[in-house]
A.B. asks: 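My structure is below; once you've seen it, I'll send some questions.
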Amino acid sequence: EVQLQASGGGLVQAGGSLRLSCATSGFPFDDDYAVGWFRQAPGKEREGVSCINVGDGSAYYMDSVKGRFTISSDNAKNTVYLQMNGLKPEDTAVYYCAATWIAVLSYVPHFENEYDDWGQGTQVTVSS
């Protein structure tokens with residue numbers, strides 16, 4: 001059974017940093033799997049923030065977080081991190097991590113409907 005546990009959210013001022021962690025179990029950390037971070041703000045649809053192929057480290061970032069967020073994986077701990085720097089009020093949302101099997105190895109899935117297993121969310125609030 002695939003399980004994901006997201007943590008690390010909190011309240012931070014604009015310009016600050018947070019590191020989210022997604023502890024996983026139930027699947028191998030190799031290049032057949034991707035772990036993604038998604039977020040959902042009130043009244044908005046869930047969107048893909050950053051996703052990583054845990055085998056080869058290839059990653060996807062949504063345009064608005066490029067240069068500010070960094071996704072990484074610790075394969076020994078089966079954990080994926082999202083380092084968020086330069087946070088903005090528009091980054092406020094509930095952040096979720098999810099996992100999926102990769103069908104095409106050259107592609108990093110980053111759409112919600114491409115992911116099969118989800119963890120609970122962690123709230124990130126950025127004050128202005």
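What's counted below: heavy atoms across the whole structure, side chains too, no hydrogens, waters or symmetry copies. We're numbering straight along the sequence, starting at 1.
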A.B. asks: Sub-3.5 Å donor-acceptor pair from the side chain of Ser50 to the main-chain atoms of Tyr61, do we have one?
C.D. replies: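 Checked: no pair found.
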A.B. asks: Output yes when a side-chain donor or acceptor of Gln120 lies under 3.5 Å from a complementary backbone atom of Ala6, and no otherwise.
C.D. replies: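 It does hold such a pair.
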A.B. asks: Val54, Val108: one ILVMFWY side-chain cluster at the under-4.5 Å cut-off?
C.D. replies: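 Same hydrophobic cluster.
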A.B. asks: Look at the side-chain heavy atoms of Ile, Leu, Val, Met, Phe, Trp and Tyr, link any pair under 4.5 Å apart, and say whether Val65 and Met84 land in one connected group.
C.D. replies: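 Hydrophobic grouping puts Val65 with Met84.
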A.B. asks: Identify the two heavy atoms, one from Ala23 and one from Thr79, that lie closest to each other, and give their separation to 0.1 Å.
C.D. replies: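 So the two residues come closest at CA-OG1, 3.9 Å.
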A.B. asks: Does any non-hydrogen side-chain atom of Cys97 lie less than 4.5 Å from one of Val80?
C.D. replies: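 They are not in contact (no side-chain heavy atoms under 4.5 Å apart), so the answer is no.
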A.B. asks: Give me the atom names and distance for the closest heavy-atom approach of Leu18 to Leu87.
C.D. replies: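 Shortest heavy-atom separation between Leu18 and Leu87 comes out as N-CD1, 3.8 Å.
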A.B. asks: Atom CG of Asp116 and atom OG1 of Thr100: how far apart are they, to the nearest 0.5 Å?
C.D. replies: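 With rounding to 0.5 Å, CG (Asp116) is 4.0 Å from OG1 (Thr100).
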A.B. asks: Donor-acceptor pair, Thr24 side chain versus Asn78 backbone, under 3.5 Å?
C.D. replies: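 It does hold such a pair.
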A.B. asks: Please check if Trp37 and Val94 belong to a single hydrophobic cluster, counting links between Ile, Leu, Val, Met, Phe, Trp and Tyr side chain heavy atoms closer than 4.5 Å.
C.D. replies: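 Different clusters.
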A.B. asks: Do you reckon Tyr33 sits in the same ILVMFWY cluster as Ile52, going by side-chain contacts under 4.5 Å, direct or chained?
C.D. replies: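 Yes.
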A.B. asks: Measuring from atom OG of Ser128 to atom CD of Gln13, what distance do you get when rounded to the nearest 0.5 angstrom?
C.D. replies: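 So the gap between those two atoms works out to 9.5 Å.
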A.B. asks: Among side-chain atoms of Ser7 and Gln5, is any donor-acceptor pair under 3.5 angstrom?
C.D. replies: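 Their side chains do not contain a donor-acceptor pair, so the 3.5 Å distance test is not met.
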A.B. asks: Is there a path of hydrophobic side-chain contacts, each under 4.5 Å between heavy atoms of I/L/V/M/F/W/Y residues, joining Val49 to Tyr60?
C.D. replies: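 Yes, one cluster joins them.
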A.B. asks: Which word best sums up how the rings of Trp118 and Phe38 line up, parallel for under 30°, tilted for 30 to 60°, or perpendicular for over 60°?
C.D. replies: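 The arrangement is tilted - the two ring planes meet at 30° to 60°.
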A.B. asks: Any chance you could lay out the side chain to side chain contact (heavy atoms under 4.5 Å, CB included) test for Thr92 and Gln123, step after step, and finish with the verdict?
C.D. replies: CA-CA 8 Å; Thr92 295; Gln123 176 71 47; 4.0 Å; yes
A.B. asks: Is Tyr81 reaching over with its side chain to a backbone N or O of Asp74, donor-acceptor style, under 3.5 angstrom?
C.D. replies: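 Side chain of Tyr81 to backbone of Asp74: no pair is present.
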A.B. asks: Would you call the rings of Phe69 and Tyr95 parallel, tilted or perpendicular, taking 30° and 60° as the class edges?
C.D. replies: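 Tilted: the ring planes of Phe69 and Tyr95 meet at 30° to 60°.
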A.B. asks: Identify the two heavy atoms, one from Ala93 and one from Ala41, that lie closest to each other, and give their separation to 0.1 Å.
C.D. replies: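 Taking every non-hydrogen atom into account, CB-N, 3.8 Å.
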A.B. asks: Okay, side chain of Ser58, backbone of Asn53: is any donor-acceptor separation there less than 3.5 Å?
C.D. replies: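 No, because the side chain of Ser58 does not come within donor-acceptor range (under 3.5 Å) of the backbone of Asn53.
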A.B. asks: If I take atom CG from residue Asp56 and atom CD1 from residue Ile102, how far apart are they, to the nearest 0.5 angstrom?
C.D. replies: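 Separation between the atoms: 7.0 Å.
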A.B. asks: Ser17 and Asn85: which non-hydrogen atoms are nearest, and at how many Å?
C.D. replies: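 Nearest heavy atoms, Ser17 then Asn85: OG-OD1, 2.9 Å.
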A.B. asks: Tell me, do Pro109 and Phe111 make a side-chain contact under 4.5 Å, heavy atoms counted?
C.D. replies: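 Pro109 vs Phe111: side chains apart.
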A.B. asks: How long is the straight-line distance from NZ of Lys88 back to OG of Ser64, given to the nearest 0.5 Å?
C.D. replies: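 Result: 7.5 Å between the selected atoms.
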A.B. asks: Please assess Glu112 against Gln40 for the test side chain to side chain contact (heavy atoms under 4.5 Å, CB included), listing each intermediate value before the final yes or no.
C.D. replies: CA-CA 11 Å; Glu112 180 181 6; Gln40 188 167 23; over 6 Å; no
A.B. asks: Which distance, rounded to the nearest 0.5 Å, do you find between the CG of Asp91 and the OG1 of Thr125?
C.D. replies: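 Here the rounded value is 11.0 Å.
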A.B. asks: Minimum heavy-atom separation for Leu20 to Gly9, with atom names?
C.D. replies: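 Looking at all heavy atoms of both residues, the closest pair is CD2-N, 3.6 Å.
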A.B. asks: In plain terms, say whether Lys66 and Asp63 are close enough for a salt bridge, that is, a side-chain N and a carboxylate O under 4.0 Å apart.
C.D. replies: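 Salt bridge present between Lys66 and Asp63.
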A.B. asks: Which atom names give the shortest non-hydrogen contact between Tyr107 and Glu114, and what distance separates them?
C.D. replies: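 Reported closest heavy-atom pair: OH-OE2, 2.8 Å.
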